[in-house]
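Since the model is a prediction, treat every value here as computed from it, not as a measurement.
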Amino acid sequence: MKYGITDIGSNTIRFNIYGSKNGKYKHLISKKNTAGLISYKKKGKLSKKGIKVLISTLKKFKKHLKELEVDKTYYFATACLRNVDNTNEVLDIVKKETGIKIHVLTSDQEATLTFEALKDKDLDRNEGVLIDVGGGSSEITVFENNALLDDVSLPVGSLLMYEEYVSMMFPNKEEKKAIHKRVVKEIAKSGIEKYDQEIMFGVGGTVRAINKMLIHLNLKDDNSPLIPISLLDTLLDELKTNTKEDFDKVLQVKAERIHTLIPGLIIIKTIAEYFEVDYMHVTHHSIREGVLHSIIQDK
């Protein structure tokens, strides 16, 4: 049995194909498209142009999934469609134009599915802070005794912060301060407590890109999933100028994240400071595996 799980995010749209047998799954293929849907949000709504980009991408993905003889497909979206004023309109147009039904997850569903995906795979302890920094929002989940304790969704994401605060490619000193201030403000508004945790588990493309950058710049060991939080300041210092020299450092590692890496880095650093953690553990699984597990369980 082959499953195709398509994750519609604020920055990227990605599908993963998994093979499943006897309730166990194996990741087979991934494909992604950097659509930047959050940049098409105008006056609280996803614009007509943004809807066209979404439809065009999904039509291509649907064709690929058919060619790859996928047995069951599932399309879901998180903040990029959850946090717009015309969600139902977008869903209706997509269904009419492509035949695809998109499931828009609530922030609670997103937190639960991400936690379930990582619980038996990436979490090497039974308590900690779990963060998933996306393009349009950042999810924070606190868990203890292998169970969810608290979770919030912050309306700050790497692409959203770039769109709202950055005037060039990299944010300048004042823009970095503004992003930091915004994240602090949203954490305070969320009401999440400052739980006493030792480690933070990081999910998503921004976290993985940071890890690759640190390895590329010989700032950390390739084999360790742990990133000392102090290295985030070191990386910020490495990418502090809007110059070709600093742009090349990112282009050589993760070109499509050249504009969102630093805003995402500031978000992660600010959350880490709030919880006073010393390390971030880079995870390999994501909400897509949680969605897959849920589908298999519901069969």
### Query
With the threshold set at 4.0 Å, does a side-chain nitrogen-carboxylate oxygen contact exist between Glu256 and Lys32?
yes
### Task
Answer yes or no: is there a donor N or O on one side and an acceptor on the other, between the side chain of Glu175 and the main chain of Asn172, under 3.5 Å?
yes
### Task
Would you mind reporting whether Tyr279 and Met200 have side-chain heavy atoms less than 4.5 Å apart?
no
### Task
Check whether any side-chain heavy atom of Ile29 sits under 4.5 Å from a side-chain heavy atom of Asn16, and report yes or no.
no
### Message
Keeping Arg82 on the side-chain end and Leu105 on the backbone end, is there a donor-acceptor pair under 3.5 Å?
### Response
yes
### Query
Does any non-hydrogen side-chain atom of Glu139 lie less than 4.5 Å from one of Thr114?
no
### Query
Sub-3.5 Å donor-acceptor pair from the side chain of Lys72 to the main-chain atoms of Lys2, do we have one?
no
### Query
Any donor-acceptor pair under 3.5 Å linking the side chain of Ser137 with the backbone of Pro155?
no
### Message
Would you say the rings of Phe76 and His103 are close, in the sense that their centroids are separated by under 6.0 Å?
### Response
no
### Message
Any salt bridge linking Arg14 with Asp7? Criterion: basic side-chain nitrogen under 4.0 Å from a carboxylate oxygen.
### Response
no
### Query
Which heavy atom in Arg257 sits nearest to a heavy atom in Gly205, and how many Å separate them?
NH2-CA, 3.3 Å
### Task
Determine the interplanar angle of the Phe15 and His64 rings, folded into 0 to 90°, and report it as parallel if under 30°, tilted if 30 to 60°, perpendicular if over 60°.
tilted
### Query
Are Tyr3 and Tyr18 near enough that their ring centres are under 6.0 Å apart?
no
### Query
Do NZ/NE/NH1/NH2 and the carboxylate oxygens of Asp246 and Lys240 come within less than 4.0 Å?
no
### Message
Using a 3.5 Å distance criterion without hydrogens, assess whether the side chain of Asp122 forms a donor-acceptor pair with backbone atoms of His285.
### Response
yes
### Phe275 ring center within less than 6.0 Å of Tyr195 ring center
no
### Message
Among Val94, Leu54, Thr98, which residue satisfies the side chain to side chain contact (heavy atoms under 4.5 Å, CB included) criterion with Lys59?
### Response
Thr98
### Query
Would a distance-only check, ignoring hydrogens and angles, find a side-chain to backbone donor-acceptor pair under 3.5 Å from Thr283 to Gly202?
yes
### Query
Quick one: do Asp248 and Lys244 make a salt bridge, cutoff under 4.0 Å?
yes
### Query
Are the ring centres of Tyr75 and Phe61 closer than 6.0 Å?
no
### Query
Would you say the side-chain atoms of Gln109 pair up with the backbone N or O of Thr106, donor to acceptor, closer than 3.5 Å?
yes
### Validation row: Lys121, His284 side chains within 4.5 angstrom (heavy atoms)
no
### Query
Is there a donor-acceptor contact under 3.5 Å from the side chain of Lys41 to the main chain of Asn83?
yes
